[in-house]
Each structure stands twice: as structure tokens, then as C-alpha cells.
Enquirer: 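Below you will find the structure I want to go over with you.
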Amino acid sequence: MKDLTKPLSIHEIDFRIQSINKGKFATILAYKDARADMNRLDEVVGALNWKREHTRDNKNCIVSIYNPETKEWVSKEDTGTESNTEQAKGLASDSFKRACFNWGIGRELYDYPLIQIKLFDNEVSEYQGKFKPTWDLKLKEWKWISEFKDGKIVALACKDNNGKLRFNWGKFTK
């Protein structure tokens, strides 16, 4: 069960823009996809030893793990919020991911540093006083690396799709 709480691989983490300010700095969020939770549960407890149930019109999700010693299901529950696209699916996914946080999966994401990156002029445009990323900002192609010590993040960095270092936090020992 302790393996549920080991940090997710950087390849299991996704990054997206939360906002862009007038100085053209983007605030980037690190988050996990529901597939990372499913894979971790399958890997640690086995595909047949966990289940999820949604209640309250998908607002809540209960993730249960079978305890073979007591022959009982142990459950943890949390609630979610709708996404801007596919509201019902987003709500179910969010409540599932939050319930998995209660089991410790991806909990290290709460310790990630504030990620703010100065965007190049071609990566951002202004429309009606708001800043938006352009097609030149290829965040999905950026390469992220991380290092953990005792389950806590100690270093995080990324290079953009052109190999330029765009973010560097902490101190890498490797």
C-alpha cells in the first residue's frame, strides 16, 4: 500500500497554462490524468482489488481497495467540480482523481513549486485585454525533469520544444 504514495513519474504528469499576466508570464499547473490513478491502482493492488463508485450525480467518487487480511473493502471519498468541456465526464474524472489523492496517489503535486515562465512574443497574443497562448507555444512538447528525495520534490526543470531551458527550480543531485 505504501507504493500508492510514491511520487508519480514526470511522464505521468501533465502541464497546462492556468493564466497569462500582462507581463507575459504564464502560470503553469502540474496535474495528473485519471489514467495515472488507474495505472497506479492496478500496479499496486491489482486490477481486481479496487473499484470506483460515483454518487450524487457524479459529484462524489468512492475509491475502494480490497483488504485481503480483513476481507473487507476500505473506501475513501471526495467530490469534484465540472470542467469547461464535457461537464459530466469532467466532474466524474475530477472526483475520481480527488478520491485517489486521499489514497496518496499524486499527493506530491501539492508540493510542486509555483511555475511561472516568461513567454516569448510569438507565444502569446492579446485579445480584448486578455493574453492567450498562440500556436507557437507548444507546451505539450516541452521536456520536464524532476527529482525527489524522501517523497518530496527537490528539483524541477523544463526545456521547450527547441531545447531552451525555460524553468529551473531547486537543485538536482543527479
Side-chain angles (χ1 to χ4, degrees), residues 1-21 25-47 49-54 58-65 74-119 133 137-161 165-174:
M1 293 294 281
K2 187 164 174 46
D3 284 343
L4 285 176
T5 63
K6 74 179 181 184
L8 295 169
S9 159
I10 197 70
H11 305 293
E12 296 174 290
I13 305 299
D14 290 320
F15 296 87
R16 69 172 172 84
I17 295 174
Q18 178 187 37
S19 62
I20 301 173
N21 69 19
F25 279 87
T27 300
I28 310 289
L29 294 179
Y31 66 99
K32 62 179 178 158
D33 185 282
R35 286 178 289 274
D37 293 307
M38 291 182 259
N39 291 337
R40 179 62 60 89
L41 287 164
D42 287 349
E43 172 189 315
V44 175
V45 301
N49 294 315
W50 70 273
K51 63 182 176 178
R52 69 192 263 188
E53 301 169 72
H54 291 272
N58 282 341
K59 289 182 179 80
N60 283 37
C61 181
I62 303 164
V63 175
S64 304
I65 296 176
V74 180
S75 303
K76 298 201 180 206
E77 179 176 7
D78 214 322
T79 191
T81 58
E82 294 177 345
S83 65
N84 292 332
T85 60
E86 297 187 80
Q87 290 181 346
K89 181 178 175 262
L91 180 59
S93 178
D94 190 51
S95 62
F96 173 64
K97 291 186 294 183
R98 287 172 174 260
C100 289
F101 271 122
N102 290 331
W103 281 105
I105 302 171
R107 199 175 288 166
E108 74 280 357
L109 291 171
Y110 291 119
D111 297 326
Y112 269 51
L114 175 65
I115 304 169
Q116 289 189 315
I117 297 172
K118 175 72 170 161
L119 299 180
L137 180 61
K138 300 183 183 327
L139 187 62
K140 294 276 186 201
E141 296 176 21
W142 290 17
K143 302 295 181 216
W144 294 83
I145 57 170
S146 61
E147 189 174 310
F148 290 83
K149 182 177 180 183
D150 300 323
K152 296 285 183 189
I153 190 161
V154 295
L156 180 68
C158 75
K159 289 184 178 181
D160 66 19
N161 50 302
L165 184 66
R166 299 294 292 270
F167 183 80
N168 193 10
W169 173 87
K171 187 171 183 176
F172 287 91
T173 60
K174 298 175 187 173

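Positions are given from 1 along the sequence. No experiment lies behind these values; they were computed from the predicted model shown.
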Enquirer: With sequence neighbours excluded, what pairs up with Trp142 under the ring pair (Phe, Tyr, Trp, His ring centres under 6.0 Å) test?
Expert: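 Counting only residues at least two positions away or on another chain, Trp142 forms no ring pair (Phe, Tyr, Trp, His ring centres under 6.0 Å).
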Enquirer: So, using side-chain contact (heavy atoms from CB on, under 4.5 Å) as the criterion, who are the partners of Ser64 when residues are at least two apart?
Expert: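 Checked Ser64 against side-chain contact (heavy atoms from CB on, under 4.5 Å); matches are Lys51, Glu53, Ile62, Trp73, Ser75.
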Enquirer: Considering residues at least two apart in sequence or located in another chain, which fulfil the salt bridge (charged side-chain N to carboxylate O under 4.0 Å, His left out) criterion with Glu77?
Expert: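 So Glu77 forms no salt bridge (charged side-chain N to carboxylate O under 4.0 Å, His left out) with any residue.
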Enquirer: Show me the side-chain donor-acceptor pairs of residues 105-112 shorter than 3.5 Å, one per line, residues at least two apart or across chains.
Expert:
residue: Arg107; atom: NE; partner: Phe101; partner atom: O; Å: 3.2
residue: Arg107; atom: NH2; partner: Phe101; partner atom: O; Å: 2.8
residue: Arg107; atom: NH2; partner: Asn102; partner atom: O; Å: 2.9
residue: Glu108; atom: OE2; partner: Leu8; partner atom: N; Å: 2.9
residue: Asp111; atom: OD2; partner: Lys152; partner atom: NZ; Å: 3.1

Enquirer: Not counting sequence neighbours, which residues clear side-chain contact (heavy atoms from CB on, under 4.5 Å) with Lys143? List them please.
Expert: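 Expected list: none.
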Enquirer: Applying side-chain hydrogen bond (donor to acceptor under 3.5 Å, both in side chains), can you list everything that pairs with Thr79, at least two apart in sequence or on another chain?
Expert: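 Per chain and number, Thr79 pairs via side-chain hydrogen bond (donor to acceptor under 3.5 Å, both in side chains) with Asn60.
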Enquirer: Who passes side-chain contact (heavy atoms from CB on, under 4.5 Å) against Ile20, sequence neighbours left out?
Expert: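 Ile17, Ala26, Leu119, Val124, Phe131, Pro133.
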Enquirer: Which residues pass the side-chain hydrogen bond (donor to acceptor under 3.5 Å, both in side chains) test with Lys59, not counting sequence neighbours?
Expert: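 side-chain hydrogen bond (donor to acceptor under 3.5 Å, both in side chains) list for Lys59, sorted by chain: empty.
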Enquirer: Residues two or more places apart in sequence or in another chain: which of them pass salt bridge (charged side-chain N to carboxylate O under 4.0 Å, His left out) with Lys32?
Expert: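 Once residues adjacent in sequence are excluded, the partners of Lys32 under the salt bridge (charged side-chain N to carboxylate O under 4.0 Å, His left out) criterion are Asp37.
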Enquirer: Tell me every residue that passes side-chain contact (heavy atoms from CB on, under 4.5 Å) with Ser9, counting only those two or more places apart in sequence or in another chain.
Expert: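 For Ser9, the residues satisfying side-chain contact (heavy atoms from CB on, under 4.5 Å) (neighbours in sequence not counted) are His11, Glu12.
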Enquirer: Asp78: what forms a salt bridge (charged side-chain N to carboxylate O under 4.0 Å, His left out) with it, not counting sequence neighbours?
Expert: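 Expected list: none.
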Enquirer: Mind checking what makes salt bridge (charged side-chain N to carboxylate O under 4.0 Å, His left out) contact with Asp33, not counting sequence neighbours?
Expert: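 Scan of Asp33 (salt bridge (charged side-chain N to carboxylate O under 4.0 Å, His left out), adjacent residues dropped) gives Arg35.
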